[in-house]
Amino acid sequence: MSIQGLDMKFKDYDALLNECVNQKSLRGGQRVQAHMIKTHYHPPVYLRTRLIVLYLKCEVLSDARMVFDEMRERNVVSWTAMISGYTKSGFYSEALSLFVQMLRSGTPGVTGTYPNEFTFATVLTSCTGAHVFEYGRQIHSLIVKSPFELHIYVGSSLLDLYAKAGNIHQARIIFDGLPERDVVSCTAMISGYAQLGFDNEALELFCTLQREGMASNYVTYASIVTAISGLAAFEYGKQVHGHVLRSELSFFIVLQNSLIDMYSKCGNLTYGRRVFEKMPERTVISWNAMLAGYSKHGIGKTVVDLYNRMREENKIKPDSATLLTVLSGCSHGAMENIGLKIFDETMAEKNGVDLSVEHYGCVVDLLGRAGQLERALRFIKEMPFEPNAAIWGSLLGACRVHKNVEVGKIAGDRLLEIEPENAGNYVILCNLYASEGKWDEVRKMRELMKEKTVLKEPGKSWIEFGRTVHTFYASDRLHPRKEEIFSKVRELSDRIKAAGYSPDLSSVLYDVDEEQKEKLLLGHSEKLALAFGMMNVSEAKPIRIMKNLRICVDCHNFAKFVSKVYGREVFIRDKSRFHHIVNGMCLCGDYW
DNA sequence: ATAGGGTTAG
């Protein structure tokens with residue numbers, strides 16, 4: 001196409017620019033712009049905006065911005081296009097600052113440019129991306145006064161904003177208030193539930209909407225698979241996977257990634273690996289999800305093998321999450337030296353990944369697990385980050401296992417400064433002091449604990465059986481089969497006591513007599529779930545239990561004895577990893 | 001002409 005020497009007018013430029021946009025031709029746009037300058041043509045707002053849109057489509061933000069800045073006058077589309085350009089590239093604060101300028105713009109004495117439904121939809125996304133939720137709420141109040149409150153695009157990003165801010169209730173109110181629903185608004189609601197851990201609600205909404213004939217796409221499925229991962233609802237997950245395979249959606253990498261994660265979190269690494277191996281194309285997330293599965297199961301060797309394969313294939317570059325997973329996999333898998341070596345190698349690499357305080361935390365884990373507590377302490381003092389609660393907690397945990405009161409006291413004091421409200425910290429310190437017979441210190445800790453701690457999240461465990469997820473709370477008085485389950489726990493306890501089990505009363509926080517302590521221990525939700533599993537799950541199958549917190553020492557021991565005495569295989573997924581318990585032993589090596 | 005939802009790590 002040649003435009004030299006022609007007498008170009010609005011209509012011609014418009015046609016040319018349209019063609020460039022369709023072909024995504026950056027060079028074409030630049031030639032049109034050059035021609036305008038050469039022939040002293042002053043394009044109107046419309047044509048300048050078309051140029052901005054073209055440059056944004058070609059992902060050259062700076063060129064778009066240049067055209068934008070040269071405009072003496074702009075309309076809502078020029079503003080919105082520019083804001084959207086910044087939002088899509090993740091420059092949220094630029095986008096928000098433009099939005100403010102937009103409201104203030106206009107000739108003196110005249111009000112600014114008024115945002116429309118396109119502007120609101122995109123600017124809310126910026127607020128969510130930038131995590132400036134208070135700002136988003138202010139924009140919400142502008143929207144309420146505008147005619148666009150019930151617009152489906154605006155409503156979707158608005159409910160997403162509240163969901164991401166953690167206010168799922170408000171998100172649901174907005175969702176229910178929308179006059180119509182479509183895939184995106186429904187998916188935003190479902191993923192909002194899933195990301196905040198309201199997995200049952202996510203599943204319930206998904207089922208309801210499906211009955212209502214809602215269309216689903218791969219984003220919807222990725223979100224629902226995430227909810228299934230949280231519940232570890234293996235049977236349901238397989239069903240959804242089958243559905244995906246029969247649809248046209250199975251080629252989406254994002255969806256395959258979430259399936260890998262789902263199977264791993266259900267404790268079925270074989271299925272996850274099968275999805276992983278069949279992928280024609282992988283992203284770094286595919287690798288990270290697969291690695292995380294083996295890491296959480298404590299299978300360190302496979303973590304390292306897979307990581308080496310990733311580096312050998314040299315197609316996908318490991319990122320900081322990869323390294324974090326590999327280091328934590330080495331720690332869970334008792335491969336301390338290899339983990340430390342990988343850390344050192346990464347440090348030495350020129351353009352390796354960005355190391356965060358969490359990576360350093362993994363190294364503390366590795367050193368602590370290896371029993372090198374003084375070295376871990378030195379490492380913490382020399383690292384380029386301010387140590388946080390996770391770092392000190394990791395060191396303290398290691399000190400408890402290796403019974404090192406000296407270093408443990410240092411870690412504990414720092415930890416209580418940062419996190420005085422966390423009861424778990426006092427418990428570990430109590431255990432440490434008790435193991436050395438320092439009863440004065442134990443008493444001091446108990447008093448401090450009573451004074452400072454706040455109620456933590458209540459413990460709960462669940463197990464999937466007969467297409468239903470059965471949930472148990474500590475000393476569950478509401479469960480319909482409570483009598484039966486409690487007596488089964490008693491029965492298990494009596495039988496394993498004969499084989500050498502003795503309840504670990506020291507892990508009970510409350511100041512009550514020993515009999516009470518044992519009763520409290522027997523009421524732990526994971527024991528109830530285990531008893532339920534023993535009553536219902538066929539003997540040929542492993543019992544798979546999920547727990548929202550970390551498993552306690554006594555329940556861990558209890559499960560080990562049950563596995564030996566009754567010859568059962570037990571998986572317990574807790575907050576930090578999988579415990580795979582067979583014949584009286586756990587793959588975690590009693591370190592978690 | 002300009003617009004909304006998604007997967008991994010601890």
Side-chain angles (χ1 to χ4, degrees), chain A residues 14 17-18 21 45-54 56-57 74-85 87-88 115-125 128 148 151-161 163-164 171 175 178 182-192 194-195 216-226 229 252-262 264-265 282-293 295-296 318-329 331-332 353 356-359 361-362 365 388 390 393-394 575-577:
Chain A
D14 185 35
L17 282 177
N18 264 334
V21 169
V45 176
Y46 179 86
L47 285 183
R48 290 178 196 264
T49 305
R50 291 296 284 157
L51 259 178
I52 291 175
V53 171
L54 171 61
L56 289 176
K57 196 169 177 186
R74 303 168 185 133
N75 63 21
V76 61
V77 181
S78 356
W79 283 103
T80 305
M82 205 59 231
I83 292 171
S84 149
T87 305
K88 285 200 177 111
N116 62 16
E117 64 273 40
F118 291 75
T119 326
F120 282 130
T122 191
V123 82
L124 285 170
T125 310
T128 309
F148 311 116
H151 188 278
I152 184 115
Y153 280 42
V154 176
S156 307
S157 47
L158 198 51
L159 83 83
D160 186 51
L161 173 97
K164 296 260 160 59
F175 179 71
L178 290 175
D182 66 1
V183 206
V184 177
S185 56
C186 292
T187 305
M189 195 64 233
I190 290 170
S191 83
Q195 281 167 14
S216 302
N217 59 23
Y218 79 98
V219 182
T220 323
Y221 274 99
S223 303
I224 206 62
V225 170
T226 305
S229 307
F252 286 95
I253 297 183
V254 168
L255 187 45
Q256 293 174 329
N257 292 346
S258 61
L259 285 167
I260 295 172
D261 181 53
M262 185 270 287
S264 301
K265 287 189 175 149
R282 303 186 186 99
T283 64
V284 69
I285 294 178
S286 328
W287 288 93
N288 291 353
M290 197 67 250
L291 285 165
S295 166
K296 287 234 171 193
D319 67 3
S320 68
T322 317
L323 188 66
L324 208 56
T325 311
V326 171
L327 293 178
S328 114
S331 185
H332 286 318
V353 301
S356 67
V357 67
E358 283 84 10
H359 293 91
C362 284
D365 265 345
N388 57 21
S394 156
K575 206 172 186 180
S576 81
R577 59 168 294 155

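Everything numeric here is computed off the predicted structure, so don't read it as measured data. Chain A is the first sequence line, chain B the second, and so forth, proteins listed ahead of strands; every chain is numbered from 1.
- Side-chain atoms of Asp261(A) and Ser264(A) include no donor-acceptor pair closer than 3.5 Å.
- Residue contacts for Lys57(A): at a heavy-atom cut-off of 4.0 Å it reaches no nucleic acid atom on any strand shown.
- No engagement by Tyr221(A) is indicated, since no non-hydrogen atom pair under 4.0 Å with the nucleic acid exists.
- A straight line from CG of Leu56(A) to P of dA3(B) spans 9 Å, rounded to a whole angstrom.
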Sugar-phosphate or base contact per nucleotide [nucleotides 5-10 of chain B; S, B, -; heavy atom under 4.0 Å]: BBBBBB
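- With sequence neighbours left out, the ring-ring contact (aromatic ring centres under 6.0 Å, His included) criterion links Tyr218(A) to Phe252(A).
- When rounded to the nearest whole Å, the span between CD1 of Ile152(A) and P of dA3(B) equals 17 Å.
- For Tyr221(A), the ring-ring contact (aromatic ring centres under 6.0 Å, His included) test picks out Phe206(A), His243(A), with sequence neighbours left out.
- Rounded to an integer number of Å, the gap from His151(A) NE2 to dG4(B) C1' is 9 Å.
- Under the ring-ring contact (aromatic ring centres under 6.0 Å, His included) criterion, His332(A) pairs with no residue at all, not counting sequence neighbours.
- The salt bridge (charged side-chain N to carboxylate O under 4.0 Å, His left out) check on Lys164(A) picks up Asp160(A), with sequence neighbours excluded.
- Rounded to whole Å, the distance from CG on Asn116(A) to C1' on dA1(B) is 11 Å.
- In terms of the salt bridge (charged side-chain N to carboxylate O under 4.0 Å, His left out) criterion, residue partners of Arg282(A) (sequence neighbours excluded) are, by chain and number, Glu277(A).
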